[in-house]
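One structure is given here, and the rest of the page talks about it.
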Amino acid sequence: MTTPTLELTLCIPDFLRAELALAQELPLLQRLLSRSDRMEARTEGHERALFELFSIALPPQQELPVAALTYALEHGASADGILLRADPVYCRADQHKVVMLANDLDLAHDEAQQMIAELNRLFAEDGWEFSAPTPQHWYLRLPQAMELATTPVSQALGKDIRTLLPRSAQGAILHRALTEMEMLLHASPTNQQRRVAGKLPVTNLWLWGGGALPHVPKTEWAQVWSDDVLVLALAKFTQVPRCAAPGSAGQWLEQAVTTGKHLIVLAPTQDAAHTEREWFATLAAALKSGRLNALTLRLNNHHRYHITRGMLRRWWRRDRPLRSFV
C-alpha cells in the first residue's frame, strides 16, 4: 500500500529580485534555495509562464488566448467571435515617452459601465462591442478577424508603451481606433469626475490576449489555489478544482485534503518578511516533519527550485545569500 503524497508548487511572481536580495535577509528561504535542485525555467513573461504551468506550451510568436479564457470565467460562458482583452490603464506622456504607470485603477462598477457605454456608441458602426464583467477587466469583441501581435499588460507596466502597442497588417484601422479610444477617454465625463476627485483616470485601453484556445491538455495538478483571474481561468479550462488563495501556508495545509500535486499562485508582494514567516517557515517545517513530500518554488521566470525532505539534510551545502539566486 502506497503512502498518500502531498506536493506543492508555490509561485510568487517577481519575488526574487535584485532589490530584495540587497535589502533582505530571509534565512529560511535561503536555506530552502541553497539545498534544493535548481532547474532552468526561462519564460518570457508571467502570463506565458502560467500557461506552461498548465502544460500549455505555445510558440513564442503565438498570441496567448487570455481573453477567451478569462471571459469564460468572468462571464460564465464562452464568447462567440474574435475576442481581445481591452484593459483600462493609466499612462503619462512627456516629450520623449509614454509610460504605463498603473493597470489597477480601483474603478467602480458604475464608472466602468459608463465608459463602456460611451465606447459602444462610438464604435457601433464598426461592429466593435466592448464589455466589462469586472471593473478592471474589459473586453473587445470584433466582428471579423484582425491579425494582431500584442504585448501582455504585465510586460508593458512601467515601460514606454510606444514600441509595445499592438501591431497589425491593418495598421491604419488599428491606429485610428486606438486614437479614437484615447480621445473619447480623455473627454469622458466619468474620467473628468475621477480627476476632480484626485483619482487616476483611464487614459488608454490595452488590447492584448486575442489568441485561439488550444486543445485541453492533461495537467498534473490535483488542485489549484489563487486569486489571479488567469490562473483560475486556466484551472477551469483544464478542469482542475480551484480555490481562492490561502492566507498562509498553515491555512493551506489545513485545507489541502486532496492528495497529489497542488499549485498555489500568490499575488506579487513587497512584504518579504511576512512571506518568510507565513509561508517559507511553515513549508520548511512541513517538509521536515514529512507532512509535505516535496516543494517547488517559482519566484521569478528564470528558475524553479525543487526540494524534498531528504534534501533538507544536505548539510554540506552552506546557506547562500539571496543575491546568488536572483
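Nothing fancy with the numbering, it's 1 onward along the sequence. Values in this document were obtained by computation on a predicted structure and should not be read as measured data.
Between L105 and R194, some side-chain heavy-atom pair lies under the 4.5 Å cut-off. Residues D126 and L142 fail the side-chain proximity criterion, which asks for heavy atoms closer than 4.5 Å. Contact check for L140 versus F123: no side-chain heavy atoms found under the 4.5 Å cut-off. No side-chain heavy atom of N204 sits less than 4.5 Å from a side-chain heavy atom of Y90. Looking at E7 and L292, their side chains never come closer than 4.5 Å, going by heavy atoms from C-beta outward. Inter-residue side-chain proximity for T258 and P241 is flagged as unmet; no heavy-atom pair is nearer than 4.5 Å. In this structure, the side chains of H137 and R85 come closer than 4.5 Å at one or more pairs of heavy atoms. The closest side-chain heavy-atom distance from S248 to Q251 is below 4.5 Å.
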L184 and M115: side-chain contact (heavy atoms from CB on, under 4.5 Å), yes or no, with the steps? CA-CA 9 Å; L184 179 146; M115 284 185 272; 5.8 Å; no

Can you list the steps and then say if F54 with E220 is a side-chain contact (heavy atoms from CB on, under 4.5 Å)? CA-CA 8 Å; F54 284 86; E220 62 181 348; over 6 Å; no

For side-chain contact (heavy atoms from CB on, under 4.5 Å), just list the numbers for I116 and N120, CA-CA rounded to whole Å, side-chain angles, deciding distance to a tenth of an Å, and then say yes or no. CA-CA 6 Å; I116 287 292; N120 280 328; 3.5 Å; yes

Going through the checks in order, is the side-chain contact (heavy atoms from CB on, under 4.5 Å) test met by W128 and L119? CA-CA 9 Å; W128 289 23; L119 288 161; over 6 Å; no

Intermediate values then yes/no, salt bridge (charged side-chain N to carboxylate O under 4.0 Å, His left out), D37 and R304: CA-CA 8 Å; D37 286 340; R304 49 193 169 95; over 6 Å; no

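One hydrophobic cluster holds both V202 and L101 under the rule that ILVMFWY side chains link at heavy-atom gaps under 4.5 Å. Put simply, L207 and V153 are part of two different groups of oily side chains (I, L, V, M, F, W, Y) that touch within less than 4.5 Å, one to the next. Hydrophobic clustering (side-chain heavy atoms under 4.5 Å, transitive across Ile, Leu, Val, Met, Phe, Trp, Tyr) keeps L205 apart from L165. Two different hydrophobic clusters hold V229 and I264 under the rule that ILVMFWY side chains link at heavy-atom gaps under 4.5 Å. Under the 4.5 Å side-chain heavy-atom criterion for Ile, Leu, Val, Met, Phe, Trp and Tyr, L16 and L10 are members of the same hydrophobic cluster.
The line from CZ of F280 to CG of L32 is 8.0 Å long, rounded to the nearest 0.5 Å. The structure places CZ of R162 at 8.5 Å from NZ of K97, a figure rounded to the nearest 0.5 Å. Atom CZ of F15 is separated from atom OG1 of T269 by 7.0 Å, given to the nearest 0.5 angstrom. In this structure, K261 NZ and T296 OG1 are separated by 8.0 Å, a value rounded to the nearest 0.5 Å. Going from atom CG of L297 over to atom SG of C11 covers 10.0 Å, rounded to the nearest 0.5 Å. Once rounded to the nearest 0.5 Å, the distance linking CG of L164 with CG of L157 reads 11.0 Å.
Residues satisfying the ring pair (Phe, Tyr, Trp, His ring centres under 6.0 Å) criterion with H274, sequence neighbours excluded, are absent altogether.
Between the side chain of Q113 and the main chain of A132, a donor-acceptor pair closer than 3.5 Å is present. Remark: side-chain polar atoms of T219 are not paired, donor with acceptor, to backbone N or O of S55 under 3.5 angstrom. Under a 3.5 Å cut-off, the side chain of K159 and the backbone N or O of Q155 do form a donor-acceptor pair. Looking only at distances, a side-chain donor or acceptor of R291 sits under 3.5 Å from a matching main-chain atom of L253. Judged by distance alone, with hydrogens and angles left aside, the side-chain atoms of S168 form a donor-acceptor pair with the main-chain N or O of E147 at under 3.5 Å.
At most 12 heavy atoms of other shown residues, nucleotides or ligands fall within 6.0 angstrom of atom CD in Q95. Shown here is R318, whose CZ atom has no more than 12 heavy atoms of other residues, nucleotides or ligands within 6.0 Å. Environment of CZ in R92: sparse, with no more than 12 heavy atoms of neighbouring residues, nucleotides or ligands closer than 6.0 Å.
Neither side chain, H306 nor S36, offers a donor N or O lying under 3.5 Å from an acceptor on the other. For the residue pair E118 / S188, a side-chain donor-acceptor distance below 3.5 Å is found, with atom types taken as modelled. In the model, E111 has no side-chain atom that pairs as donor or acceptor with a side-chain atom of T190 under 3.5 Å. With 3.5 Å as the limit, one finds a donor-acceptor pair spanning the side chains of D87 and W208. Between H262 and W221, the side chains place no donor N or O within less than 3.5 Å of an acceptor N or O (distance only, hydrogens not considered). Side chain to side chain, T150 and E63 meet the donor-acceptor criterion of an N or O pair below 3.5 Å. A donor and an acceptor atom, one from each side chain of R141 and Y71, are located under 3.5 Å apart. A donor atom on one side chain and an acceptor atom on the other are not found under 3.5 Å apart for E182 and T203.
Taking all atoms of both residues into account, the shortest heavy-atom contact from A112 to P135 is CB-CA, 3.9 Å. R298 and A49 make their closest contact through NH2-CB, 4.3 Å (heavy atoms, listed as atom of the first residue, atom of the second, distance). Of all non-hydrogen atoms in R48 and L58, the two that sit nearest each other are NH1-O, 3.3 Å. Heavy atoms only, all atoms of each residue included: A156 and T151 are closest at N-CG2, 4.5 Å. Nearest approach of L84 to L148, heavy atoms of both residues: CD1-CD1, 3.5 Å. Taking both residues in full, the closest heavy atoms of L312 and A284 are given as CD1-O, 4.0 Å, listed atom of the first, atom of the second, then distance.
W316 belongs to a hydrophobic cluster whose other members, connected by ILVMFWY side-chain contacts under 4.5 Å either directly or through intermediates, are W315.
The ring of F130 has its center no closer than 6.0 angstrom to the ring center of Y139. No close placement of the F237 and F51 rings is indicated, their centers lying 6.0 Å or farther apart.
Ring-plane geometry between W225 and W252 is classed as perpendicular, the angle between the planes exceeding 60 degrees on a 0 to 90 degree scale with a lower cut at 30.
Under the ring pair (Phe, Tyr, Trp, His ring centres under 6.0 Å) criterion, no residue pair touches residues 156-189, with sequence neighbours excluded.
Among L230, L232, L83, the single residue meeting the side-chain contact (heavy atoms from CB on, under 4.5 Å) criterion with T70 is L230.
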